[in-house]
There are 2 protein chains.
Amino acid sequence: MAARAATLTDVAKEAGVSLATASRALNGSDRVVRAELHDRVLAAATRLGYSPNAQAQSMARGSTDLVGLLVNDIADPYFSTIAAGLANAAEEQGLLVMLCSTAGRPERELELLGALRRQRGRAIVIAGSRTSDRSHLRELSAQIDPFVSSGGRVVAISEPKLQVDTLVVDNRGGARELASEIAALGYRKPAILAGPEQLLVSQDRKAGFAEGWPSAEPVVVADEFSRDGGFRAMHRLLDSGAEVDCVFAINDLMALGAMAACRERDVDVPGDLAVAGFDDISTLRDVTPELTTVRLPLTEMGHMALDLVLGDRTVKPRRRKVRGEVVLRESTPAR
Amino acid sequence: MAARAATLTDVAKEAGVSLATASRALNGSDRVVRAELHDRVLAAATRLGYSPNAQAQSMARGSTDLVGLLVNDIADPYFSTIAAGLANAAEEQGLLVMLCSTAGRPERELELLGALRRQRGRAIVIAGSRTSDRSHLRELSAQIDPFVSSGGRVVAISEPKLQVDTLVVDNRGGARELASEIAALGYRKPAILAGPEQLLVSQDRKAGFAEGWPSAEPVVVADEFSRDGGFRAMHRLLDSGAEVDCVFAINDLMALGAMAACRERDVDVPGDLAVAGFDDISTLRDVTPELTTVRLPLTEMGHMALDLVLGDRTVKPRRRKVRGEVVLRESTPAR
DNA sequence: CTGAAAGCGCTAACAC
DNA sequence: GTGTTAGCGCTTTCAG
């Protein structure tokens, strides 16, 4: 019934003090309030079930305790792990995370970025891969630039395409190393299960793998950046009759789908075909055969992103490189 | 440099109109603004890179576009899938999700709930399981009650322990059915890998399974509610030498850990031991052997939670039951 | 140490 | 149609 939440004015009245005093007592201002009044205010606040209005506080103070997070799909373990790292780091600093998920539609990025900007968070973390779409990039910048020049901060976890601080994932290097390690195991005929053409992660990992492979040009099949995409891509690869002895799926989820497809077609992994992924998603560490992959420190990346975006701002667009570590497991045995 | 973001006043001045007109042009108020002025305002806004201040808007309007989400661990696929469903549903309604993750420390729930309350969101979704800790429950209520009675809305996805709208997951019924279906397959000596004693999910699923099992009392080993917990619990179960032909892990993650432990000890699943889980986490649908489990419509639950919490509020604490569906797969073949 | 009052950026009566 | 103005709940000078 009580349609209205208790305000600071209510508390002040209840405690018989001024608004200013109530404010000072409830939040550690530099001014000190006499112990007796202090207690009276606190008691009144409790009695009224008072909770400060964060919106009003940020208006008055001119700053918020929010940080925005923009991801492609929060259900994807890649992003949810980063989100977890970020949420923890944010919590340590007393910040709240505003979550936006484009649910796989990169067009939505713009709109959601706008929503995040309106919230006037201290910082915005953009965690999805960039695409090669130049006009989209321009539109993003049109949101980002005014936000930044009015004191907002933005960090991207991706390819360094935006003029903002960036946690640059070394996709290319990781894939290159993976390729050469797999080649060293004795494989000769590689295929790549790629994601959507415009996604830079996909391009970079694909290019890196090709670079790292000593001789043959890998066969490439592209599909969605998901378990189902990997499943379909693998089926198409098998249908094509291409002669292949190992498959690099652009991420673990696709690798998972690929292995499922192999199982369905009675292709033995790794007997008939070796499979490798990228990311090292933790829930996938127990699949059989254990998946060779490139480990990314996802949780830590969440932390790092916040550190970067909240850190010293003297240098303008700062880059921080994140390297992956090749983890060879059962799915790519030595031949 | 420009330390200040453009305000509506700036835009109005730039366009040579009044504040009110600028406001009306930028947001579809019921008042109509003459086309020419309208365009002038829009142009000015673009020129200035204007973005409305959501905080100020909510203050003036007296309502926000926020919904809070409180989870135990956003990296856990159970929660991230619910979060994805919720985020999508929220987006459809033009709402933003504020995410808080207790990171496995239920004590933090209180504090985070307070933070969410301060934000004055339209609604708060509490997605973690309740515990049997009565004093904690009371403290939660102390936060929730004033929020609700001042017009806020709260929905829990869990056991109906809080006096708020609740999406009640039928853990007990699901586990009961699972037990009887597994028993019908010919198993005789069950064990349960449970989670922390105080967590009601764990209690309910355990009790349900025991109820559904026709004869023997299942052996119970408890550990953390995670992959590693399942791993350790299974090792302890095997160490104990208990004679067991099937294991019910209280959730899929624990089941995953349990299977990993079996692999390590050369216990064949399902040859030597059948394993079942609960939740039907999507990334785990491809593990081998395929895991028998109870499927929960997690994404949909996110949607439902928002519907429930935003829906008609005439009836006070409403309950909506979510039933799981037993999915028998390779990990529990007929004997 | 305490109180009065001026905003923070915006919306929504209320006038014209 | 458009403009004026009074708040929304809080912090923070500025006086006392």
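Heavy atoms only: backbone and side chains are in, while hydrogens, waters and symmetry mates are out.
Applying the salt bridge (charged side-chain N to carboxylate O under 4.0 Å, His left out) test to pairs two or more places apart or on separate chains, those with a residue in residues 11-29 of chain A are A:Glu14-A:Arg47. Listed by first then second residue, pairs satisfying salt bridge (charged side-chain N to carboxylate O under 4.0 Å, His left out) with a partner in residues 130-150 of chain A read A:Glu109-A:Arg130, not counting sequence neighbours. Sequence neighbours left out, the pairs with a member in residues 64-79 of chain A that pass salt bridge (charged side-chain N to carboxylate O under 4.0 Å, His left out) are A:Asp65-A:Arg122.
Listed pair A:Thr21 / C:dG3 meets the phosphate criterion, a side-chain N or O lying under 4.0 Å from OP1 or OP2.
Taking A:Gln198 as the reference, nothing meets the side chain to side chain donor-acceptor pair (under 3.5 Å) condition, with sequence neighbours excluded. Residues that satisfy the salt bridge (Lys or Arg N to Asp or Glu O under 4.0 Å) test with A:Arg40, not counting sequence neighbours, are A:Glu36. Applying the side chain to side chain donor-acceptor pair (under 3.5 Å) test to A:Ser23 and every residue at least two apart in sequence or in another chain returns nothing. Every residue was checked against the side chain to side chain donor-acceptor pair (under 3.5 Å) condition with A:Thr81, not counting sequence neighbours, and none meets it. Every side chain to side chain donor-acceptor pair (under 3.5 Å) that B:Ser18 has, sequence neighbours left out, goes to B:Thr21.
Taking a 4.0 Å limit (strictly below) on heavy-atom distances, residues 33-41 of chain A does not reach DNA chain D anywhere.
In this structure, the helix from C:dC1-D:dG16 to C:dC16-D:dG1 shows an angle of 40° between the axis at its start and the axis at its end, each fitted on 5 base pairs and rounded to 10°.
How far CG of A:Leu69 is from SG of A:Cys100: 8.5 Å, rounded to the nearest 0.5 Å.
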### Summary
Going 5' to 3' through nucleotides 9-16 of chain C and flagging B where a protein heavy-atom sits under 4.0 Å of the base, S where only the sugar-phosphate is that close, and - otherwise, we get BBBBBBB-
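Residues A:His303 and A:Glu92 meet the side-chain proximity criterion, which asks for heavy atoms closer than 4.5 Å. Using a 4.5 Å cut-off on side-chain heavy atoms (C-beta onward), B:Ile144 and B:Ile126 make contact.
Side-chain contact check for A:Gln143 and A:Arg117: at least one donor-acceptor pair (N or O, by modelled atom type) lies under 3.5 Å.
Protein chain A contacts DNA chain D over a range whose 5' and 3' limits, counting nucleotides with an atom under 4.0 angstrom from a non-hydrogen atom, are D:dG9 to D:dA15.
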